[in-house]
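Please read these numbers as outputs of a predicted model, since none were measured by experiment. Here is the naming used below: chain letters follow the sequence lines, and residue numbers restart at 1 for every chain. Heavy atoms only: backbone and side chains are in, while hydrogens, waters and symmetry mates are out.
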Amino acid sequence: MSIASKYDASQVEDKWYRYWMEHNFFHSTPDNREPYTIVIPPPNVTGVLHMGHMLNNTIQDVLIRRARLLGKNACWVPGTDHASIATEAKVVAKLADQGIKKSDLTREEFLKHAYEWKDEYGGVILEQLKKLGASCDWDRTAFTMDPHMNESVIKTFVDLYNKGLIYRGYRMVNWDPEAKTTLSDEEVIHIEKQGLLYYINYKIEGSEDTLTIATTRPETIFGDTAICINPNDERFTHLKGKKAIVPISGRVIPIIEDDYVDVEFGTGCLKVTPAHDENDKVLGDKHNLEVIDIFNEDASLNSFGLHYEGQDRFECRKNIKTELEESGVLIKTENHINKVGTSERTKAVIEPRLSDQWFLKMEDLVKPAITSVLETGDVKLFPKKFENTYRHWMENIRDWNISRQLWWGQQIPAYYFGDGKEDFVVAETIEDAVTLSRKRTGNETLTAADLRQDEDALDTWFSSWLWPMSVFDGVRNPENEEFKYYYPTNDLVTGPDILFFWVARMIIAGYEYTDKRPFENVYLTGLVRDKQRRKMSKSLGNSPDALKLIEAYGADGVRVGLLLSSAAGNDLMFDEDLCNQGKGFVNKIWNAFRLIKGWDVSDTIKQPESSKKGLEWYNARFQQTLIEIEDHFSKYRISDALMATYKLIWDDFCSWLLEIAKPAYQQPMDRTTYNAIIEALENNLRILHPFAPFATEEIWQTIADRTPEEALIINRWPEQGVVNAQIIADFDYASQVVSGIRTIRKSKNIAFKDQIELHVVSNENASSDFDTIIAKLGNVSEIAFAKAPLEGALSFRVKSNEYFIPLAGAIDVEAEVAKIEEELKYTKGFLMSVSKKLSNERFVNNAPENVVSIERQKMADAEAKIEALEKRLSSLK
RNA sequence: GCGUCAUUAACUCAGUUGGUUCAGAGUGUUACCUUGACAGGGUAGAAGUCACUGGUUCGAAUCCAGUAUGACGCACCA
């Protein structure tokens, strides 16, 4: 059989993915094994796969595949969320292309379009995950607006309302004029923007005097209902009790006093616009000011804006500047940097706006979520540094605005039976609402037709915070078998950017509804950045096309590349070279397999000693690495686990073991060694499988014909044995001897095919177990023991052992002397520092015993080496 | 403004209770090596004042304080 010298992922990956799917290996049903569960952070239906998804889904797949190999019942639940704002915007835009306005549609008609859109595009990202190799249980694919998920959300809302935790309030909220909806505080991103500070004169009523205010938003003067000064500000005592006249509108407003005003800032006179500023609203409430809302829902001016009616706020700002200038009341403008709230989704500048919204009281709900993460460790964050951020948010939490003025999402189950603000009931179904309304009103003739459901939908996160429960139907049926089996889930892998949006809220919901954590460990990945350290994002266009990367490097290559340099929680500077390295690694093990497969095997020859010893050593190294990997995984140091695997396979297996075992050209190999090498390769495939699932399965299945039950994906993780540390140390010593030989060959241009002799003056009592290996790898005809240094030979030393390679002629005594003198100098310096340490009484008395004895050993080693070097030197002179 | 985290080789990063020849890895780079697994390879080498300044200690990349730079989070004064 001929095997390609280059591994071609494109020929392999789809084949095995199909095979795994056909045999249902990703599917999980409850049984008596220990469950291991992950729920995917549901990507939103408008999304396409980007680097962040690639990273965190690769990590999840590594964890799931490893759990599967460890014999656990691994269940990875995939799905998507409905992303109300983003999706509604897409659907509105698509309809606009077809000449349809949302306002011309009924809610039902709009939702029909939205579902059509979702059915067409909503699954794209999940299909892309398959290319990456994600072994999700696709039969369980969930969507936050599936009927049973909707029911769970509504049930939760009603329950929280009945507990008195949800209330309706008239508040200043964050209004996104583009999406025409409110946002929660978490959805607002503050960005520094260069703006202007406008200084504007207001006339004082009944006098020719003026006062000057400073504002960043001159267009809001139409909403001014007071001027506020600090009562202690002596500059303005003459203004007390007077009234001011707003420019343009000519409205007369009171001058009020409040020490909220900062004397230092601006002019010391503050215009108060209660409808359009949170702090002004507070002032307004305190001083009983009128509230004038000057904006429409798209942030254009309404009739209070007079001749600016209909203009956008920013357009108006420009125009009003001109008018104020012309009328001479605009004194000056200054550059001013201020932080402006923008919408996370639409990037629109947020407009503070007063309106009726639904809120969830957070104060008591967060308590178990604080205790579990910060005190009991019931839920653990990796890396730990996020605990501080978490604490800060949790301890300063504000009530959550959960209503959105959108149609795409779960409609709020509040039903109005009258025009009063309090004339509503909250119920899971319209039937219940009717019953409740009859009770409230005493009107027994009331029917569903008399009720009007609240127009608003719920925040998408109000669905996804239930995710770990609702995907197993645990909200509606907490006693169902699956929920009891899979919940609490084990690990959650996500980006730190949704720590509050999602992770914290899931923890809150988990404890509120099950009294249990929703998951045990939260692994927060870093952000993927480009080489200029910019965050990769769709809007910057600096994210490489995920599928093209997979095409170019193979899914395995991309997975390995991404993981190699992504320590937990640290940002990842993405560079395509990493994928290339991943691809190179896959190719390396492929070629190792090719080499092994190409050997002729003979049953009649005996196993060479070198192979036997080499295998003993490799097995010890393998066991040692297994422990290391285990330790890395336990700390979520995925990249370290991969690097340990990488080095084991590349350095120990390929560079050492295969070179040791390799038979001479066109010679066969003994059966014992061959079988052992295959076994070692299979073990390597087992531990590499989570990182590079496709290539490992391909090699696994090519090694031998396997039944589906024997597929690698459902095979077993190698068993942990005892590590023989001595053999590893002895081999390490031998490898230094090999390295010494190579260095000399290199420096003297002795070709490898030319055999050499090696003479040893043994001072070290080193093990001779690996002499056959030294002979083979150094192409040494004979290892001879000598009592004294050899004349006319090149030399090197390992510890205090001296090695000589006789070389006819061409020995440069002077160079040899210089080399030895340098080694001597270094070793003496080293000895000095060690003996200085040991002669320090306080060190010997205070340092732990083992540290002192290590230092003693170092001193003895150095002394022995110096002695050998000096002997050698005198023999040369 | 407050807080958190970072700063180690040309690049990306490890360094896990302060103590091995502890100053590391991978990539890159330099020199040499291609009939026989792999040039996506091999062998050997070079490369760092562990940001800076002090302190604690027998001993500091590691602990403490301050400074600088950067990232992130939170709150903001119009």
Side-chain angles (χ1 to χ4, degrees), chain A residues 3 5-7 190 197-198 213-217 220 228 260-262 264-273 277-280 336 338-339 383 385-393 396 496-497 499-500 527 529 531 533 535 557 564-567 569-575 577-578 580-581 583-599 631-632 635 637 639-640 643 646-647 654-655 658-659 662 664-666 739 742-747 749 751-752 826-827 830 833-834 836-837 840-848 850-855 857-858 861-862:
Chain A
I3 308 174
S5 77
K6 291 192 181 197
Y7 175 76
H190 293 272
L197 200 53
Y198 299 76
I213 58 95
T215 181
T216 53
R217 301 196 59 191
T220 62
C228 190
Y260 162 76
V261 175
D262 182 350
E264 303 288 318
F265 189 88
T267 60
C269 289
L270 172 70
K271 74 185 206 54
V272 186
T273 322
D277 183 279
E278 177 102 51
N279 295 307
D280 289 9
H336 180 73
N338 62 337
K339 283 211 166 178
K385 67 179 179 188
F386 286 107
E387 285 180 8
N388 283 321
T389 323
Y390 182 87
R391 179 195 307 276
H392 189 266
W393 189 73
N396 295 285
D497 45 340
L499 182 60
F500 307 136
L527 296 173
R529 296 172 177 279
K531 274 183 148 178
R533 297 198 163 260
K535 184 175 163 179
L564 271 177
S565 74
S566 60
N570 284 347
D571 288 356
L572 166 68
M573 265 14 94
F574 181 74
D575 184 339
D577 280 352
L578 290 170
N580 208 28
Q581 192 185 346
K583 185 180 176 183
F585 176 53
V586 170
N587 188 58
K588 182 73 183 178
I589 190 164
W590 175 253
N591 274 289
F593 163 65
R594 260 184 82 207
L595 171 67
I596 296 165
K597 244 344 208 193
W599 284 330
D631 182 55
H632 289 318
K635 294 167 183 158
R637 303 165 81 98
S639 65
D640 288 342
M643 188 46 84
Y646 181 100
K647 284 189 188 165
C654 296
S655 297
L658 294 184
E659 292 302 327
K662 196 188 259 180
Y665 181 51
Q666 288 188 333
S739 187
R742 285 172 176 162
T743 309
I744 288 198
R745 280 184 179 277
K746 169 96 178 150
S747 65
N749 278 320
F752 182 76
Y826 173 84
T827 314
F830 176 68
S833 78
V834 175
K836 203 167 134 196
K837 230 187 236 185
N840 184 336
E841 240 175 80
R842 284 190 289 183
F843 170 74
V844 178
N845 294 337
N846 294 334
N850 65 320
V851 173
V852 177
S853 73
I854 285 166
E855 292 300 312
Q857 184 59 50
K858 273 153 66 175
D861 287 352

Considering only the C1' atoms, how many Å lie between A46(B) and U27(B), rounded to the nearest integer? 16 Å
When you compare the side chain of Arg529(A) with that of Phe574(A), does any pair of heavy atoms fall below 4.5 Å? no
For Glu278(A), give me all partners under salt bridge (Lys or Arg N to Asp or Glu O under 4.0 Å), at least two apart in sequence or on another chain. none
To the nearest angstrom, the CZ-P distance between Arg742(A) and U43(B) comes to 6 Å
Picking from C5(B), A44(B), G26(B), the nucleotide nearest the side-chain atoms of Thr743(A) would be A44(B)
Output a table of nitrogen or oxygen pairs between the protein and nucleotides 22-25 of chain B separated by less than 3.5 Å.
{"unit_1": "A25(B)", "atom_1": "O2'", "unit_2": "Lys647(A)", "atom_2": "NZ", "d": "3.4"}

Taking salt bridge (Lys or Arg N to Asp or Glu O under 4.0 Å) as the test, write out the residues that go with Lys583(A), two or more places apart. none
Name all residues meeting the salt bridge (Lys or Arg N to Asp or Glu O under 4.0 Å) criterion together with Asp577(A); count only those two or more places apart in sequence or in a different chain, and write none if there are none. none
Select from Tyr646(A) and Phe830(A) the residue whose nearest nucleotide in RNA chain B is closer to the 5' end of that strand. Phe830(A)
Give me, pair by pair, the N or O atoms of the protein and of nucleotides 29-37 of chain B that are less than 3.5 Å apart, along with how far apart they are.
{"unit_1": "A31(B)", "atom_1": "N3", "unit_2": "Lys746(A)", "atom_2": "NZ", "d": "3.3"}
{"unit_1": "C32(B)", "atom_1": "O2", "unit_2": "Lys746(A)", "atom_2": "NZ", "d": "3.4"}
{"unit_1": "G36(B)", "atom_1": "N7", "unit_2": "Tyr665(A)", "atom_2": "OH", "d": "2.9"}
{"unit_1": "A37(B)", "atom_1": "O2'", "unit_2": "Asn591(A)", "atom_2": "OD1", "d": "2.6"}
{"unit_1": "A37(B)", "atom_1": "O2'", "unit_2": "Arg594(A)", "atom_2": "NH1", "d": "2.9"}
{"unit_1": "A37(B)", "atom_1": "N6", "unit_2": "Glu659(A)", "atom_2": "OE2", "d": "3.1"}
{"unit_1": "A37(B)", "atom_1": "N3", "unit_2": "Asn591(A)", "atom_2": "O", "d": "3.0"}
{"unit_1": "A37(B)", "atom_1": "N3", "unit_2": "Ala592(A)", "atom_2": "N", "d": "3.4"}

With rounding to the closest Å, how many angstrom separate the P atoms on C5(B) and U57(B)? 26 Å
Is the side chain of Asn338(A) donor-acceptor paired with the backbone N or O of Thr216(A) at a distance under 3.5 Å, no angle test? no
Can you tell me, in whole Å, how much space there is between the P of A6(B) and that of U17(B)? 14 Å
Between G48(B) and A23(B), how far apart are the P atoms? Round to whole Å, please. 14 Å
Roughly how far apart are Ser739(A) OG and Ile744(A) CD1, rounded to 0.5 Å? 10.5 Å
Test side chain to side chain donor-acceptor pair (under 3.5 Å) on Asn591(A) and Arg594(A) and set out the steps. CA-CA 5 Å; Asn591(A) 274 289; Arg594(A) 260 184 82 207; 2.8 Å; yes
Review item, nucleotides 58-61 of chain B N/O atoms under 3.5 Å of protein N/O:
{"unit_1": "C58(B)", "atom_1": "O2'", "unit_2": "Asn840(A)", "atom_2": "ND2", "d": "2.8"}

For U35(B) and A31(B), measure between their C1' atoms and round to the nearest Å. 24 Å
Under 3.5 Å for both pairing distances: what stems, at least three Watson-Crick or G-U pairs long, include RNA chain B? B:1-7 with B:68-74, B:10-13 with B:24-27, B:29-33 with B:41-45, B:51-55 with B:63-67
d(CD1, Ile589(A); P, C38(B)) in whole Å: 16 Å
Nearest whole angstrom, please: distance from the P of A78(B) to the CG of Asp262(A). 11 Å
Between C1' on A78(B) and NE2 on His336(A), what's the gap in Å once rounded to a whole number? 7 Å
With sequence neighbours excluded, what pairs up with Tyr7(A) under the ring-ring contact (aromatic ring centres under 6.0 Å, His included) test? Trp590(A)
Integer angstrom distance from the P of G66(B) to that of C22(B): 34 Å
Among all residues two or more places apart in sequence or in another chain, which pass the salt bridge (Lys or Arg N to Asp or Glu O under 4.0 Å) test with Asp277(A)? none
Are any of the side-chain heavy atoms of Lys662(A) and Leu595(A) separated by less than 4.5 Å? yes
For a quick test of reading the model, state the closest non-hydrogen atom pair linking Gly268(A) to Val261(A) and the distance between them. O-CG1, 3.4 Å
Output the rounded distance in Å from CG (Asn580(A)) to P (A39(B)). 14 Å
RNA chain B: Val851(A) or Lys583(A), which has the more 5' nearest nucleotide? Val851(A)
If we only count heavy atoms from C-beta on, is the Tyr260(A) to Cys228(A) side-chain gap below 4.5 Å? no
Applying side-chain contact (heavy atoms from CB on, under 4.5 Å), can you list everything that pairs with Glu855(A), at least two apart in sequence or on another chain? Val834(A), Lys837(A), Leu838(A), Phe843(A), Lys858(A)
Just to confirm, is there a sub-4.0 Å distance from OP1 or OP2 of C13(B) to any side-chain nitrogen or oxygen of Arg637(A)? no
Please list, pair by pair, any protein nitrogen or oxygen found under 3.5 Å from a nitrogen or oxygen in nucleotides 69-76 of chain B.
{"unit_1": "A75(B)", "atom_1": "N6", "unit_2": "Lys339(A)", "atom_2": "NZ", "d": "3.2"}

C1' gap between U67(B) and C58(B), integer Å: 29 Å
Just to verify, what does Phe585(A) make a ring-ring contact (aromatic ring centres under 6.0 Å, His included) with, not counting sequence neighbours? Tyr646(A)
Take atom CZ of Phe752(A) and atom P of A44(B), then tell me their distance rounded to the nearest Å. 12 Å
Measuring to OP1 and OP2 of A78(B), would you say a side-chain N or O of Thr267(A) lies under 4.0 angstrom away? no
Could you check how far CG of Leu578(A) sits from C1' of G26(B), rounded to whole Å? 9 Å
How close do Thr220(A) and Thr273(A) get, counting heavy atoms only, and between which atoms? O-CG2, 3.6 Å
Taken to the nearest whole Å, CG/Asn388(A) to P/C2(B) is 17 Å
Could you tell me which non-hydrogen atom of Gly266(A) sits nearest to which non-hydrogen atom of Ala214(A), and how far apart they are? CA-CB, 4.1 Å
What nucleic acid atoms does Lys6(A) come within less than 4.0 Å of, heavy atoms only: base, sugar-phosphate, or nothing? base
On a heavy-atom basis, which atom in Lys271(A) and which in Ile213(A) lie closest, and how many Å separate them? CD-CD1, 3.7 Å
If we take the P atom in both U12(B) and C33(B), what is their distance in whole Å? 33 Å
Please verify the inter-ring angle class for Trp393(A) with Phe500(A); under 30° counts as parallel, over 60° as perpendicular, anything in between as tilted. parallel
